[in-house]
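Below is one structure; the comments refer to it alone.
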Amino acid sequence: MTTPRNLPLQGLKVVELGHYIAGPFATRLLADLGAEVIKVEPPEGDPIRGWGSRHNGHPVWFSIHGRNKLSVTLDLKKPEGRERLRKLCARADALVENFRPGYLERIGLGPDALHQANPRLIIARVSGYGQDGPYRDKPAFGAIGEAMGGLRHLTATPGVTEHAPPRCGVSISDDLAGMYAALAVASACWGVKGDPDAKGRVIDVDLVSSVFSLMEGMLPEYGLTGAIRQPAGSAILTAAPTNTYLCADGKWLCVAGNSDLIYHRLMTLIGREDLRDDPRMADNRGRCANARELDEAIGAWTRTLPAADAQARLEDVDVPCSRLFDMRDCAEDPHFRARQTVMEVADPLVGETLLHPAAPFRFDGIEPREMVRWTGPAVGAHNDHVFRELLGEE
């Protein structure tokens, strides 16, 4: 449980009152960066421990979800549990929680009470709709963030109404909110660090606005013209040709040929000099207006080749492209391995060496493996260490 001194957040103390995904994802990022994260779980453990596959009776997903964290158990329904949490927050720099709004206030641990114990504490609150507003008390999970934030409308297949628009495939709402919460915590702690008179503050992050923040120029476009962006499938409405094309072996290939020079190289490769030299295609605006014609030409070429061969030929002429990777492709790819984006980590709880994703950032002088110090621990594995050594209890 040692942290290298060269990690950027070494020395930052964070308490996590997180469950499921958003709050714990935020603290995982902070922990990867070197923060001391104490994950407070109910006696039965975070519900996420019941998700996904298990090996030797232990959840494999939690190996990543709880990595680099200290796990303690507290029953916040009991006075002694709430008092211990207050003590933990008194020695912490930040608290990250993702309960329903108002829960901490109901058990006497709202921001006012916590700031009495630690006036400099940063409190990050992650919820479905935010800490105020008319929807504040409505329940929400990640799918609701996708739906109300505008993303699920865009994932529909154009012209198809008999099938529901698919979800992203991962809990993107929770992950986005977690990333924003981690960024906000680091920013707020920096603001407090150099000012001895600075007071703690409350950070409000919600799933819906986290997704909504990705909607690019759609809001001002609507405000000015009333235009509502519609689903585009695998294409990009503002750049062409960019799409995903079926290959001879049934695999899909993503091709982005949307700059003038790249477009010329792409059309030359596929033998469509007529489209390369067509004045209608001279710039991106013209190509967007004729994207269907371009897609048909590129698709006719990709259907003659296996995806790997088509990708190799495109790469030879410097056209951005990639097959659609599944997890086997990611795990075995030489680039992922060379950069340690995929790394092998021994997990004593699961009893196997597992594949872990690296932290999604690089710092010079820090090896990616230095950010993965230990895997997700058992429920309450660090009760003695935290309560006796850190809090000084008998």
Side-chain angles (χ1 to χ4, degrees), residues 151 154-160 163 165-166 168-170 172 214 216 229-344 355 357-358 360-362 368:
L151 181 60
L154 297 173
T155 62
T157 301
V160 175
H163 301 301
C168 175
V170 294
I172 190 70
L214 300 184
E216 300 172 338
R229 179 84 61 88
Q230 297 302 317
S234 57
I236 298 177
L237 295 177
T238 55
T242 293
N243 213 322
T244 304
Y245 305 94
L246 186 64
C247 296
D249 54 0
K251 298 183 181 297
W252 293 89
L253 183 69
C254 182
V255 180
N258 49 14
S259 80
D260 294 347
L261 291 176
I262 293 174
Y263 171 73
H264 279 224
R265 295 198 297 268
L266 172 59
M267 290 298 108
T268 301
L269 173 68
I270 69 173
R272 292 302 304 266
E273 290 82 356
D274 58 319
L275 291 175
R276 179 195 66 192
D277 301 328
D278 190 328
R280 296 177 301 153
M281 313 297 185
D283 58 23
N284 183 63
R285 183 183 294 272
R287 292 193 294 271
C288 286
N290 297 280
R292 179 173 295 182
E293 183 178 355
L294 294 176
D295 286 339
E296 288 174 355
I298 299 168
W301 178 78
T302 60
R303 286 193 295 272
T304 67
L305 295 166
D309 291 349
Q311 179 172 342
R313 296 190 188 193
L314 288 164
E315 289 176 342
D316 283 343
V317 295
D318 213 21
V319 173
C321 61
S322 176
R323 292 169 290 117
L324 303 192
F325 275 34
D326 59 22
M327 195 46 59
R328 176 184 295 163
D329 295 317
C330 294
E332 297 177 358
D333 186 82
H335 184 76
F336 279 70
R337 290 292 184 144
R339 282 179 55 81
Q340 299 184 62
T341 303
V342 173
M343 61 177 66
E344 296 181 358
L355 298 180
F361 14 68
R362 294 287 192 273

Inter-residue atom distance Leu151.CG - Thr155.OG1, 0.5 Å rounding: 6.0 Å
Pairs flagged by salt bridge (charged side-chain N to carboxylate O under 4.0 Å, His left out) wherever residues 243-260 is involved - sequence neighbours left out: Asp260-Arg287
Shortest non-hydrogen contact from Gly286 toward Met281: O-SD, 4.4 Å
Within 6.0 angstrom of Arg337 CZ, more than 12 heavy atoms from elsewhere: yes
Gap separating the CH2 atom of Trp252 from the OG1 atom of Thr302, nearest 0.5 angstrom: 8.5 Å
Trace of the side chain to side chain contact (heavy atoms under 4.5 Å, CB included) decision for Leu355 with Glu344: CA-CA 5 Å; Leu355 298 180; Glu344 296 181 358; 3.6 Å; yes
Full working for side chain to side chain contact (heavy atoms under 4.5 Å, CB included) between Ile270 and Met267: CA-CA 5 Å; Ile270 69 173; Met267 290 298 108; 3.7 Å; yes
From CG (Leu275) to NE2 (His264), nearest 0.5 Å: 11.0 Å
Tyr263 side chain near Asn284 side chain, heavy-atom distance below 4.5 Å: no
Atom CZ of Arg313 with >12 non-hydrogen neighbours under 6.0 angstrom: no
Donor-acceptor contact present, side-chain Arg265 to main-chain Val319, <3.5 Å: no
Closest approach of Gly257 to Leu266 (non-hydrogen atoms, all atoms of both residues): CA-CD2, 4.2 Å
Test log, rule side chain to side chain contact (heavy atoms under 4.5 Å, CB included), inputs Cys254 and Leu324: CA-CA 7 Å; Cys254 182; Leu324 303 192; 4.2 Å; yes
Asp333 (side chain) donor-acceptor with Cys330 (main chain) under 3.5 angstrom: no
Shortest non-hydrogen contact from Leu305 toward Cys247: O-CB, 3.2 Å
Heavy-atom closest pair, residues Arg303 and Ala248: O-CB, 3.3 Å
Heavy-atom check, side chain of Pro158 versus side chain of Gln230, under 4.5 Å: no
Distance (rounded to the nearest 0.5 Å) between Leu237 CG and Thr242 OG1: 11.0 Å
Nearest-0.5 Å distance that lies between atom CD in Glu293 and atom CG in Asp278: 7.0 Å
Contact summary for Ala358 and Gln340, nearest pair of heavy atoms: CB-O, 3.1 Å
Distance, nearest 0.5 Å, that separates CZ of Arg229 from OG1 of Thr238: 6.5 Å
Over all atoms of both residues, closest heavy-atom pair of Ala235 and Asn243: CB-ND2, 3.4 Å
Side-chain heavy-atom pair Val255, Leu314 within 4.5 angstrom cut-off: yes
